[in-house]
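Below is one structure, written out as structure tokens, with a few remarks after it.
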Amino acid sequence: MSRAAFSRQKGTGALVVATGFRHYEPFIGEYGYGRRPEVVTLPDFIRLLDRSDGGEFLVHNGRPVRSAALIHCVGSRRIPGVNDAPEGRRQNEYCSRVCCTASLQAAIEFKKKFPDTVLYELYRDIRAYGRGHEDYYLEAGRNQVIFARFTPEAPPVVDSADDEESALKIIVSDTLLGGEQLDIPVDLVVLAVGMEADHASSLVEMFKLPVGADHFLLEVHPKLRPVEVAVTGVFLAGTSQAPMDITESTSAASAASAILTRGYVELDPFTAEIDPERCTGCGDCIGACLREGALYRVEGRDPRLAEVNPALCQGCGVCVAACPENAIELAGWTLGQYEAMVDAIVNDPSSDAAGGLS
Ligand SMILES: Cc1cc2nc3c(=O)[nH]c(=O)nc-3n(C[C@H](O)[C@H](O)[C@H](O)COP(=O)(O)OP(=O)(O)OC[C@H]3O[C@@H](n4cnc5c(N)ncnc54)[C@H](O)[C@@H]3O)c2cc1C
């Protein structure tokens with residue numbers, strides 16, 4: 001392995017992208033959001049709970065919240081053809097992973113602070129995946145949170161209440177009760193919104209960062225190189241990569257920092273090498289190069305010969321083919337080595353190629 005200290009290269013040696021996520025913003029009218037002040041998102045609800053200073057009921061919009069319902073999977077796990085995103089919005093088919101546990105935690109806090117209330121959790125699946133997170137589900141049950149399960153084909157409908165007692169009503173078919181339709185009067189509807197990728201497109205463009213189909217940044221390999229992207233020297237940490245909780249985000253960050261604290265980065269040894277005796281400085285290789293900055297002209301020399309930045313060169317070999325002077329070779333894959341390989345194959349009497357070519 002060749003080693004190159006990035007500090008010897010021009011500019012920043014390494015970059016950790018930890019730009020995080022943004023909350024899914026429901027569209028106007030999604031479960032009444034934006035039309036009814038009694039429909040809020042889970043982060044709004046958590047803030048309301050944090051700010052509440054006792055009393056018999058949580059107060060929202062000047063009204064006591066005697067009953068509330070949390071709706072899961074808002075903006076996540078969409079199924080194309082079943083519940084498509086509206087035009088211009090991302091079709092988030094992935095599970096945002098943290099919202100189930102966050103909803104259960106909020107539900108428990110609500111019921112503990114305001115025990116004389118009724119709270120429903122309307123869910124598709126409970127995915128309390130983290131260590132010990134199942135306990136939140138059990139604790140929510142012990143605190144009389146009422147669970148009702150709906151299908152993707154029949155999500156809950158939020159409507160105006162039939163009387164003055166409540167602000168809204170929710171209509172949902174509960175598969176736990178064999179599909180029985182429930183009409184639930186509520187004062188507050190909480191939408192458990194998911195996570196969306198939040199990297200400024202300028203950052204993606206600037207560093208040519210690979211973006212996955214889900215719009216999160218894409219690692220080279222989920223198991224072998226889980227915090228590296230195809231761009232050398234760029235590392236991922238946290239939810240810029242995928243929905244995850246704080247424990248996972250910090251362990252991804254420490255994986256990136258472990259690489260950085262070594263003080264050097266191991267580079268791929270198969271990079272382009274230029275023969276200064278042959279190079280005429282025509283620049284054809286720079287024009288053909290797929291990675292900006294991987295090939296450049298040496299300033300102050302005449303002719304300004306091309307030079308390789310091994311930290312950026314991906315060893316694709318495009319420049320080798322582009323050079324009219326045969327002045328570029330790929331380390332480990334030189335033209336001489338190729339020719340020797342072909343000769344060896346051709347001259348091997350046991351090889352099919354030898355038979356075919358002779
Ligand atoms: C409703 C809800 C409740 C949750 N509750 C929990 C919980 O109880 N426990 C738990 O473990 N996890 C919880 N999570 C998940 C937790 O919020 C995330 O795992 C965590 O915030 C991820 O951290 P991060 O650093 O990757 O991203 P973020 O927290 O989003 O931080 C990224 C930071 O980067 C900044 N940034 C973005 N772009 C740029 C830029 N171009 N230049 C400079 N800075 C930039 C942002 O402003 C932000 O400050 C919850 C998530 C949700 C949605």
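Position 1 is the first residue of the sequence, and the numbers go up from there. As the structure lists them, so they are numbered: ligands from 1, and atoms in each ligand from 1. If you're wondering where the values come from, they're calculated on a predicted model, not measured in any experiment.
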Compute the shortest N/O to N/O distance between M244 and ligand 1 and return yes if it is under 3.5 Å, no if not.
yes
For G238, the atoms of ligand 1 under 4.0 Å from one of its heavy atoms are 26 (O)
Exercise. Does an N or O anywhere in T239 fall below 3.5 Å from an N or O of ligand 1?
Worked result: yes
In ligand 1, the atoms that come under 4.0 Å of a heavy atom of H23 are 53 (C)
For the 3.5 Å polar cut-off, considering only N or O atoms, please tell me whether T247 and ligand 1 meet it. no
So the atoms of ligand 1 within less than 4.0 Å of a heavy atom of M195 turn out to be 15 (C), 51 (C)
At under 4.0 Å between heavy atoms, what of V98 touches ligand 1? The answer is side chain
task = Could you tell me whether F147 and Y120 have their ring centroids closer than 6.0 angstrom?
result = no
For A18, the atoms of ligand 1 under 4.0 Å from one of its heavy atoms are 32 (C), 33 (C), 34 (O)
Hits for salt bridge (Lys or Arg N to Asp or Glu O under 4.0 Å) against E196, two or more places apart or cross-chain, chain-then-number order -> R22
Item checked: A237, any N or O under 3.5 Å of ligand 1 N or O -> no
Quiz prompt | Residues D50, R47: salt bridge by 4.0 Å N-O rule | solution = no
- Would you call D245 and R97 a salt bridge, using N to O less than 4.0 angstrom? no
| request: Kindly determine whether Y129 and E134 satisfy side chain to side chain donor-acceptor pair (under 3.5 Å), including the steps that lead there. | output: CA-CA 7 Å; Y129 72 97; E134 181 76 4; over 6 Å; no
Residues pairing under salt bridge (charged side-chain N to carboxylate O under 4.0 Å, His left out) where one sits in residues 59-79, two or more places apart or in two chains, turn out to be E30-R78, R63-D187, R77-D125
*With under 30° as parallel and over 60° as perpendicular, where do the rings of F45 and F110 fit, or are they tilted in between?*
tilted
